[in-house]
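Remarks on the structure that follows.
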Amino acid sequence: MNGRLSAEYRGLEVKVPNLFRCPISLDVMHSPVSLCTGVTYERASIQRWLDSGNTTCPATMLTLPSTDLVPNLTLRRLIALWASTAAPSSSSPAASAVGPTPAAAAAELLRRIADPGADPCPPLRKLAAFLSDDDVDEFDKNALARAGGAAETVAFVLRRADREAAEAAVRVLAAIAASDCIEEESKRRVAAALAADAPSAAASLARVLRSGTSLEARVDAARLVESLLRNAAPGARAAVAESEDLVRELVRLVGPADEKKGSLDGQAVAAGMSCLAAVAATRRARAAMVRLGAVAAAVRVLEADAGPPGQALRVLEATVGCAEGRAAVCESALSVVPAVVSKMMKAGVGGAEAAVSVLWAVCHRYRDRRAVEAAAACEGGLTKLLLLMQSGCSAAARQMASELLKIFRVNGKSCVAGLHLFGFDSVEVH
């Protein structure tokens with residue numbers, strides 16, 4: 001953190017022992033390590049100093065015979081103990097401040113959030129702003145996320161409150177669940193708190209997705225849905241995945257951010273498609289996904305080149321696992337198949353395998369004439385299949401690609417030859 005918190009966070013101030021501060025950044029140390037000179041620094045700060053070519057200790061300026069970094073576990077435990085017991089106090093102008101502590105500032109905010117007679121929005125917004133601020137140290141964010149009852153209290157507000165408070169709760173929970181700097185245990189607690197009443201959580205998240213005041217809030221809701229789907233117990237996952245209101249709103253999130261311009265938002269597409277891929281992991285949800293437009297949404301993403309195509313290809317791979325999905329793909333084969341082929345080698349090995357799985361299902365296993373015709377007309381398909389077979393793909397993907405080669409050996413003008421090779425003997429081949 002840069003010296004002192006803004007006025008928005010003044011209520012979260014605590015006095016910090018100088019021993020706990022890194023001599024370089026002056027922030028509370030999260031991962032303290034010691035040099036051979038005996039001086040302790042935050043690991044990231046001293047590593048940057050050494051990586052810049054410096055060969056001296058920043059505090060003593062002594063030449064370093066060794067640049068080994070030794071974790072200072074005793075100091076780390078002391079800092080953790082201090083963080084769990086320190087209380088915010090009015091500090092002098094000279095005192096520097098750091099973020100909230102679970103026993104004091106966080107506890108007070110959570111008490112206000114849980115108070116049935118108080119408006120939970122202001123403290124929720126303060127928590128969300130704190131967790132989302134890049135200038136706040138990761139140590140302090142994790143201290144807040146670990147605070148007793150934090151995830152459970154905010155999840156309760158999400159499930160029970162009106163739209164405005166539910167949206168504010170979503171911002172707090174998403175800041176924990178989707179942040180790279182937050183410990184996995186805190187993320188699992190968020191998912192568990194939501195899963196405690198999965199149907200109500202799904203309904204509330206669908207409401208934020210439908211009527212959120214900003215695209216950012218809707219994206220955060222989708223990220224929470226994905227966290228719930230990936231971390232909750234099977235029963236809770238099924239309850240969420242089979243919520244048609246929720247799936248409908250996820251499909252809509254992947255649609256144009258601007259109806260007039262028809263453009264797609266990259267963040268919304270990434271969050272929505274990743275979430276739909278998680279929904280598709282529940283087999284019983286796939287037919288409803290298709291009926292609600294998941295196939296069309298995935299193809300739209302591929303055609304618009306709106307971000308990495310891997311998730312869209314995985315959604316299509318899951319949907320062709322049910323009859324409704326295969327029917328939707330084959331009915332729109334002239335748009336679906338070229339979109340899949342065009343992105344086959346642009347989505348990494350996993351995405352390429354998903355693309356081959358889609359093509360194999362409709363062209364080889366179920367031998368739909370419309371899909372075969374569309375595949376045979378695609379230029380470059382043969383080359384892409386051969387490249388995939390030479391890559392580090394799985395044996396199953398290599399076998400499927402091999403069985404598809406006979407289609408892509410023909411060009412668009414000799415489509416009937418491809419049909420004949422694929423067993424459509426009623427077609428006369430010249």
Side-chain angles (χ1 to χ4, degrees), residues 8-9 11-12 99-133 136 140-179 182-183 185-229 231-233 236 239-240 243 245-246 249-250 271 275:
E8 185 176 7
Y9 305 134
L12 302 176
T101 60
E108 173 59 20
L109 288 174
L110 292 172
R111 185 194 65 76
R112 290 166 54 193
I113 292 168
D115 185 349
D119 180 4
C121 291
L124 283 169
R125 292 191 184 109
K126 178 173 280 191
L127 288 181
F130 186 84
L131 289 165
S132 303
D133 193 332
V136 175
D140 301 307
K141 291 182 180 181
N142 276 287
L144 174 57
R146 286 194 301 267
E152 294 76 10
T153 299
V154 179
F156 181 83
V157 173
L158 169 63
R159 293 195 301 264
R160 305 299 181 205
D162 59 20
R163 183 199 56 76
E164 184 180 5
E167 185 173 322
V170 161
R171 302 303 300 277
V172 174
L173 295 174
I176 297 173
S179 174
I182 299 297
E183 297 166 348
E185 178 57 32
S186 295
K187 297 180 180 182
R188 286 192 289 270
R189 282 179 54 203
V190 167
L194 293 172
D197 187 352
S200 294
S204 296
L205 290 169
R207 188 168 69 247
V208 174
L209 278 163
R210 180 170 56 253
S211 57
T213 56
S214 68
L215 183 61
E216 186 178 10
R218 296 173 61 210
V219 168
D220 279 343
R223 288 170 176 160
L224 270 186
V225 173
E226 182 176 5
S227 174
L228 182 53
L229 287 167
N231 293 293
V240 174
S243 168
D245 283 345
L246 192 57
E249 295 306 323
L250 290 171
C275 203

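Along the sequence shown, residues carry numbers from 1.
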NZ/NE/NH1/NH2 to OD/OE distance under 4.0 Å, Arg111 and Glu108:
yes

Any donor-acceptor N/O pair, Asp162 side chain to Ala165 backbone, under 3.5 Å:
yes

Among Leu229, Leu205, Val208, find the one that has a side chain to side chain contact (heavy atoms under 4.5 Å, CB included) with Leu224.
Leu205

dist Asp119:CG -> Glu164:CD (nearest 0.5 Å) comes out at 6.5 Å

Quick one, Ile113 with Val172, criterion side chain to side chain contact (heavy atoms under 4.5 Å, CB included). Give me CA distance, side-chain angles, the key distance, then yes/no.
CA-CA 12 Å; Ile113 292 168; Val172 174; over 6 Å; no

Kindly compute the distance separating OG (Ser204) from CG (Leu209), expressed to the nearest 0.5 Å.
11.0 Å

For Val225 and Cys275, work out which heavy atoms get closest and say how close.
CG1-SG, 3.3 Å

Quick one: CG on Leu173 to CG on Leu228, what's the gap to the nearest 0.5 Å?
11.0 Å

So which atom in Leu158 and which in Ala166 form the shortest heavy-atom distance, rounded to 0.1 Å?
CD1-O, 3.6 Å

Measure the shortest side-chain to side-chain distance between Arg160 and Asp197 over non-hydrogen atoms and say whether it is less than 4.5 angstrom.
yes

For Thr213, does its backbone N or O pair with a side-chain atom of Glu167 as donor and acceptor, under 3.5 Å?
yes

pair Arg171-Arg125: side-chain heavy atoms closer than 4.5 Å:
no

Mind listing the closest non-hydrogen atom pair of Ile182 and Ala145 along with its distance?
CG2-CB, 4.2 Å

Sidechain-backbone polar pair: Ser211 side chain, Arg207 backbone, donor-acceptor under 3.5 Å
yes

State the CG-CG distance between Leu110 and Asp115, to the nearest 0.5 angstrom.
12.5 Å

Is a donor on one side and an acceptor on the other found under 3.5 Å between the side chain of Arg189 and the backbone of Arg146?
yes

Please name the pair of heavy atoms, one in Arg112 and one in Pro122, separated by the smallest distance, quoted to 0.1 Å.
NH2-CB, 4.4 Å

What is the minimum heavy-atom distance between Val219 and Ala271, and which atoms define it?
CG1-CB, 3.8 Å

Looking at every non-hydrogen atom in both residues, tell me the closest pair between Asn231 and Arg188 and how far apart they are.
OD1-CG, 4.3 Å

Ser179 OG to Asn142 CG distance, which is reported to the nearest 0.5 Å:
8.0 Å

